[in-house]
Trainee: 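This structure is in structure tokens; I'll ask about it shortly.
Each chain gets a letter, A, B and so on, in the order the sequences are listed, and its residues count up from 1. Computation of the quantities below employed the complete heavy-atom set of this structure, encompassing side-chain atoms and omitting hydrogens, waters and symmetry-equivalent molecules.
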Number of protein chains: 2
Amino acid sequence: MPERLSDIGEFGLIDRIHALIRREGFRSNRVTLGIGDDTAAFLPRSDCELLVTCDALVEGRHFLPDRISPFDLGRRAMTQNISDIGAMGGRPLYALVSLGLRKDTAVSWIMALYRGFLEEMKPFKAAIIGGNLTESGNGLFIDITVVGEVVRGKGVHRSGARPGDLILVSGYPGESAAGLQLLLHSKPEKDRLNHPLVQRYNNPTHRAFLGAALAETGLVTAMIDISDGLLGDLGHLCAASKSGAEIFKEKLLLSDNLRRAADHLGLDPYDWVLGDSDDYELILTCRPEHGPRLQILTGLETSVPLTEIGRITKSAGAVSIIQADGTRSLAKPSGWDHFRKKNQPAGK
Amino acid sequence: MPERLSDIGEFGLIDRIHALIRREGFRSNRVTLGIGDDTAAFLPRSDCELLVTCDALVEGRHFLPDRISPFDLGRRAMTQNISDIGAMGGRPLYALVSLGLRKDTAVSWIMALYRGFLEEMKPFKAAIIGGNLTESGNGLFIDITVVGEVVRGKGVHRSGARPGDLILVSGYPGESAAGLQLLLHSKPEKDRLNHPLVQRYNNPTHRAFLGAALAETGLVTAMIDISDGLLGDLGHLCAASKSGAEIFKEKLLLSDNLRRAADHLGLDPYDWVLGDSDDYELILTCRPEHGPRLQILTGLETSVPLTEIGRITKSAGAVSIIQADGTRSLAKPSGWDHFRKKNQPAGK
């Protein structure tokens, strides 16, 4: 029988985690106090703003333990926080990991989860410097706080978009939503876990390096990462910028995988592209004359495209979708809403 | 019927919380970006170390909604984090609040919870600058990250105690444990909630101002706050300091309330004083010649005593209790352990 949390206890687990992080994690000389005291402590750089964000994953709501490996789950949990830092143009420095666990959780599962966290932090030489462990009555939860930094004045906010700005998006939004559908419509078979779209859901890629490179140019007027879907997050960006947007449907990219999955399930692929999907791609805006330069930079930094999909408008709060034939329709506001009743109108 | 979370949805709730914080919270001019973007951002002071800590409260495990008001619960959740910052000698600056909620959670309950958070932050002019909201399948959870600061070189760690140092403790540890017992042995009646010991459990007081004042002297060699009980946390301090401790039982203070409650329930009050209890009092160590000065300072800062209860010894890991007649016994290592099986020996 595998070793369970109840076999080693809270303080036994803390020792194991501590040892794992010492062995496999990065150590920063700006950290004056890591895991094992009342708080962690670090020395900030005086030329930077500090960024801080937190995000939680809840069992049953955001993940099913039999549909994702603990290593991938750890990567996903860390990626979504790194993505938030990247959407500011910053880089992650430190993480605090707060876990809600069960007595019967396997110790090896928790260790693999931490290896997933560390895997995503490695490229940034970022360190886990603290956290909290508690028993959770029912479902597991993973709540991560990430501290990052951005050079003063270089941070890109959601609120800077102006009418006339181009709207650009990285990669292929919607692939994550498609992967989730494939996962939900399949038995928990190993094979399915290797499907490229399921991988996009279970093991998404942040664009934090790209975000930092784009922010560095000073040409990005607003930026947000996609965790609530393209329309949902574009809506957040427009709301913060007190403006609206129009999207040219024909400019939205559909990957071959996405088309095939939509055919297979008999669904409209644009529902995935526009609707709820946590792809951790970037939506950004810039003056029209700067679009090409940002696209070239993206080509140098990554293998994914940065696609111009529309324009910022003056119509505060309104996002329109323009079809190839020129007909225009007002997009339904979208984005995950965790609490809204199912039978309520989408004001969600 | 009261308004439920499902009536207003996630984004409706975010708007309410945002408005509450704008109206009743403190705004810091070092915060360059508050709630409502991908991350929060702030400008650090160059002469300070930053401190960061997180702590979670889980329904059923750490609180029962029918035994504590949401306002008190909010205060308690924030207090335990502020206490950790205080145990470093620092002061809290910012908080991120991550909540796991149910669709049927009353909106007024959540607003009262936030008022509790803000109540505890007010004395420090500290601000809530971010967070996360999610649906939690079953129990509620409240996970708070607090960022604080301490002047460089003034932070007090757990690891600085040396053999011969005095051990001092603030206030009356054990009162919180007694309050919990009274609460568990009573029906959920309003009257019981007003009992001073129940108040110590439901509405504990941190010693962060005292911690900062003591740290400022430069005379405190090690410090920790009591969240795992006096023996548990003294054990953590000794472990970090690679030393042991001896406690003189007759020096441990018993408040009148504690004595009476122990009589009432037929229990040994010293089990509360020494055992699992989250009192958020401070345990600290100093060279023997500095004890009186720290006690006088405490008298000026607070209304609670700072009591000398024992000495740090060379016996790494061993905590002894010395009775009035001189007999000595090795204390059982203690401290909450969330995961250990009940039938296992206390190595917990």
Trainee: Which bit of B/Ile129 comes within less than 4.5 Å of chain A, counting heavy atoms only: side chain, backbone, both or neither?
Mentor: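 The answer is the side chain of B/Ile129.
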
Trainee: Could you look at A/Leu33 and say if it's the side chain, the backbone, both or neither that has a heavy atom under 4.5 Å from chain B?
Mentor: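 Just its side chain gets close to chain B.
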
Trainee: Only pairs of heavy atoms separated by less than 4.5 Å count here; which of A/Val146, A/Val58, A/Asp143, A/Thr145 has the most with chain B?
Mentor: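 Most heavy-atom pairs within the cutoff with chain B belong to A/Asp143.
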
Trainee: For each of A/Ala87, A/Gly86, A/Ala239, tally heavy-atom pairs with chain B at distances under 4.5 Å, and name the one with the top tally.
Mentor: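 Looking at each of A/Ala87, A/Gly86, A/Ala239 in turn, A/Ala87 comes out on top.
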
Trainee: Can you list the steps and then say if A/Leu50 with B/Tyr94 is a side-chain contact (heavy atoms from CB on, under 4.5 Å)?
Mentor: CA-CA 12 Å; A/Leu50 283 165; B/Tyr94 312 118; over 6 Å; no

Trainee: Working to the nearest 0.5 angstrom, can you tell me the gap between B/Asn132 CG and A/Ile144 CD1?
Mentor: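 Nearest 0.5 Å value for the CG-CD1 distance: 11.5 Å.
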
Trainee: Applying a heavy-atom distance below 4.5 Å, give me the residues of residues 37-45 of chain A that approach chain B, sorted by number.
Mentor: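 The list, in residue order, reads A/Asp37, A/Asp38, A/Thr39, A/Ala40, A/Ala41, A/Phe42, A/Leu43, A/Pro44, A/Arg45.
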
Trainee: Please round to the nearest 0.5 Å and tell me the distance separating atom OG1 of B/Thr53 and atom CG of A/Leu96.
Mentor: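 Reported value, rounded in 0.5 Å steps: 7.0 Å.
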
Trainee: Please examine the side chains of B/Arg152 and A/Thr32, heavy atoms only from C-beta on, and report whether any two atoms are closer than 4.5 Å.
Mentor: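 A side-chain contact under 4.5 Å is absent here.
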
Trainee: Do you know which of A/Ser46, A/Ala56, A/Gly148, A/Ala240 has the most heavy-atom pairs under 4.5 Å to chain B?
Mentor: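 Sorted descending by pairs with chain B, the first entry is A/Ala56.
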
Trainee: Which one of B/Val150, B/Asn81, B/Asp225 has the most heavy-atom pairs closer than 4.5 Å to chain A?
Mentor: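 Max contact count across the listed options: B/Asp225.
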
Trainee: Heavy-atom pairs under 4.5 Å with chain A: which of B/Ser98, B/Gly90, B/Gly60 has the most?
Mentor: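 Option with the greatest count: B/Ser98.
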
Trainee: Kindly assign one of parallel, tilted or perpendicular to the pair B/Phe141 and A/Phe141, based on the angle between their ring planes and the thresholds 30° and 60°.
Mentor: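 It falls in the parallel class, under 30°.
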
